[in-house]
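Numbers restart at 1 for each chain; the letters A, B, ... are given by sequence-line order, proteins then strands.
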Amino acid sequence: MPELPEVETVVRGLQAVLPRRTVVAVAGVAPEVTVGKCILAVRRYGKFIVLDFEDGMLFVHLGMTGQLMWSSEQSKFTRGQFFLDEGVLRYDDIRKFGKVFWATTYPKRGPDPLEISAGDFVQLVQSRRTRIKVLLLDQGFLRGMGNIYTDEVLFLARIHPMTPGDALSKPKLLVLHQAIQEVLAAAIAAGGSSISDYVNAKGEKGSFQDHHQAYGKHGKPCPRCAGTLERMLVSQRGTTFCPKCQKL
DNA sequence: ATTACTACCTGACAGC
DNA sequence: TGCTGTCAGGTAGTAA
């Protein structure tokens with residue numbers, strides 16, 4: 001569910017309440033190591049939410065249906081709770097694909113899509129023969145993009161999802177890099193996309209789903225040409241694109 | 001190095 | 001109403 005903009009939105013919400021709070025007790029899946037320790041900062045690392053402590057980091061990955069909220073309530077799907085000296089941090093996950101773990105080093109990931117320079121991006125993509133959609137989804141290549149934003153960005157840049165990385169020209173890749181910046185920024189500004197489960201740290205939905213141009217819109221007219229958006233599978237992921245605008 | 005496929009788990013929805 | 005099949009924002013592991 002949550003990709004970079006959704007995780008960023010949750011992080012921003014938690015930044016307002018978590019720093020300087022001390023963990024008093026934990027319940028459920030949450031690691032005991034954090035008990036008695038003070039949260040120094042909240043950050044995003046790819047699709048991970050990172051809580052900084054003096055001697056390590058707590059990584060939270062929301063998987064497909066995870067939620068991390070500032071709430072003392074519980075639901076049927078609450079899997080863990082961090083009781084703080086003031087307030088409760090609650091972790092929900094319907095499908096249990098999410099993870100919460102303690103570490104002192106970072107999981108290996110590629111550069112952040114919002115931080116990589118256009119030049120580095122062009123070089124990285126052109127060094128690979130893998131299809132561009134697979135590359136963008138690969139967290140070891142770029143950390144943060146998922147199925148929604150990959151479809152949106154490739155549509156905007158008019159690039160066919162199956163195009164091999166090394167078949168893309170520099171101008172095309174500059175357009176793609178720019179599309180990534182614009183789409184992710186707009187999505188963050190809209191508080192992310194809520195397709196079914198995603199909510200922010202306050203339990204509120206985002207609104208960027210109202211601005212999707214391609215993702216999930218197969219069978220509908222292309223917003224740009226007279227064609228119809230089509231659906232196909234790319235490495236087992238549902239993919240929507242316009243066969244007229246995004247030619248191989 | 002890269003691809004293909006499976007598994008993890010639950011819910012929503014379409015069709016019968 | 002209820003059953004069956006399909007699909008879903010993600011990632012890890014295994015085999016080819």
Side-chain angles (χ1 to χ4, degrees), chain A residues 1-11 28-29 44-49 59-69 75-80 91-101 103 106-110 113 124-155 161-167 180 183-184 186-188 190-201 203-219 229-240:
Chain A
M1 104 191 241
E3 306 180 26
L4 187 154
E6 290 74 38
V7 176
E8 180 67 29
T9 302
V10 172
V11 163
V29 297
R44 179 181 63 76
Y45 176 70
K47 294 179 194 170
F48 289 99
I49 297 158
F59 287 89
V60 178
H61 195 297
L62 300 176
M64 293 272 262
T65 54
Q67 303 178 339
L68 197 57
M69 283 170 292
S75 81
K76 184 178 166 186
F77 303 109
T78 300
R79 311 290 184 198
Y91 172 65
D92 285 18
D93 190 2
I94 296 174
R95 288 175 73 181
K96 300 185 188 172
F97 287 176
K99 290 183 186 64
V100 179
F101 60 94
Y106 289 92
K108 179 142 179 38
R109 297 286 126 131
L124 260 188
V125 173
Q126 288 184 335
S127 73
R128 300 284 298 266
R129 268 183 239 182
T130 307
R131 295 165 296 174
I132 186 64
K133 165 135 183 174
V134 177
L135 276 184
L136 294 180
L137 286 176
D138 179 355
Q139 302 300 296
F141 180 78
L142 210 57
R143 57 174 200 260
M145 306 273 297
N147 209 29
I148 295 177
Y149 297 102
T150 297
D151 278 8
E152 288 299 305
V153 145
L154 290 175
F155 174 78
M162 304 265 243
T163 315
D166 62 359
I180 290 172
V183 170
L184 294 181
I188 290 170
S193 301
S194 291
I195 304 296
S196 61
D197 303 297
Y198 165 72
V199 293
N200 67 17
E204 303 159 335
K205 291 184 180 297
S207 65
F208 197 66
Q209 65 279 7
D210 300 338
H211 302 282
H212 290 172
Q213 305 215 59
Y215 174 81
K217 302 211 180 279
H218 49 276
L229 298 175
E230 284 184 13
R231 180 180 193 273
M232 65 176 175
L233 279 183
V234 180
S235 81
Q236 307 303 113
R237 306 301 301 276
T239 299
T240 305

> Report the residue from A:R231, A:R237, A:K133 that forms a salt bridge (charged side-chain N to carboxylate O under 4.0 Å, His left out) with A:D151.
A:K133
> Suppose you measure atom P in C:dC3 against the same atom in B:dC9; what distance do you get, rounded to whole Å?
23 Å
> Short question: side chain of A:Q67, backbone of A:A201 - any donor-acceptor pair under 3.5 Å?
no
> Taking the side chain as every heavy atom from C-beta outward, state whether A:L136 and A:L154 have any atom pair closer than 4.5 Å.
yes
> Measure CD1/A:I148 against P/C:dA8 and give the value in whole Å, please.
11 Å
> At under 4.0 Å between heavy atoms, what does A:S194 touch on the DNA or RNA strands: base, sugar-phosphate, or nothing?
base
> Is there side-chain contact between A:V10 and A:Y198, with at least one heavy-atom pair below 4.5 Å?
yes
> Would you mind reporting whether A:Y215 and A:T240 have side-chain heavy atoms less than 4.5 Å apart?
no
> Provide, to the nearest angstrom, the distance between the CG atom belonging to A:L68 and the C1' atom belonging to C:dG10.
17 Å
> Counting distance only, does the side-chain N/O of A:R143 pair as donor-acceptor with the main-chain N or O of A:L4 below 3.5 Å?
no
> Kindly indicate whether the side chain of A:V199, heavy atoms from C-beta on, has any atom under 4.5 Å from the side chain of A:K205.
yes
> Between A:M232 (CE) and C:dC7 (C1'), how many Å, whole number?
18 Å
> Without decimals, in angstroms, what is the distance between A:F59 CZ and C:dT11 P?
14 Å
> Out of curiosity, A:L142 CG to A:T150 OG1, how far, rounded to the nearest 0.5 Å?
9.0 Å
> Could you tell me the separation between the NZ atom of A:K47 and the P atom of C:dA12, rounded to a whole number of Å?
10 Å
> Any N/O pairs under 3.5 Å between the protein and nucleotides 8-10 of chain B? List them or say none.
residue, atom, partner, partner atom, Å
B:dC9, O4', A:R95, O, 3.1
B:dC9, O2, A:R95, NE, 2.8
B:dC9, N3, A:R95, NH2, 3.4
B:dT10, OP1, A:K96, NZ, 3.3

> What integer distance in Å separates A:F141:CZ from C:dT11:P?
15 Å
> Have a look at A:Y215 and say if it touches a base, only the backbone sugar-phosphate, or nothing, with a 4.0 Å heavy-atom cut-off.
sugar-phosphate
> Between B:dT6 and C:dT6, how far is it from one P atom to the other, in whole Å?
13 Å
> Side-chain N or O of A:Q139 versus OP1/OP2 of C:dT11: is the shortest distance under 4.0 Å?
yes
> Establish, from distance only, whether the side-chain atoms of A:Y149 and A:E6 form a donor-acceptor pair under 3.5 Å.
yes
> Can a donor-acceptor pair be found, under 3.5 Å and without considering hydrogens, that links the side chain of A:Q213 to the backbone of A:E152?
no
> Below 4.0 angstrom from OP1 or OP2 of C:dT11, is there any side-chain N or O of A:K99?
no
> Do any side-chain nitrogens or oxygens of A:H61 fall under 4.0 Å of OP1 or OP2 in C:dT11?
yes
> If we only count heavy atoms from C-beta on, is the A:D93 to A:L62 side-chain gap below 4.5 Å?
no
> How does DNA chain C look in dot-bracket notation if pairs are Watson-Crick or G-U with both distances under 3.5 Å, crossing ones as [ ], other-strand ones as |?
.|||||||.|||||||
> Let me know the distance between CG of A:L137 and P of C:dA12, rounded to the nearest Å.
13 Å
> In whole angstrom, give the distance that lies between atom CZ of A:R109 and atom P of C:dA12.
5 Å
> Anything under 3.5 Å between a protein N or O and an N or O of nucleotides 3-5 of chain B, put it in a table, one pair a line.
residue, atom, partner, partner atom, Å
B:dT3, OP2, A:T130, OG1, 3.4
B:dA4, OP2, A:R131, NH2, 3.2

> Can you name the nearest heavy-atom pair linking A:I94 to A:R79, along with the distance?
O-NH2, 3.0 Å
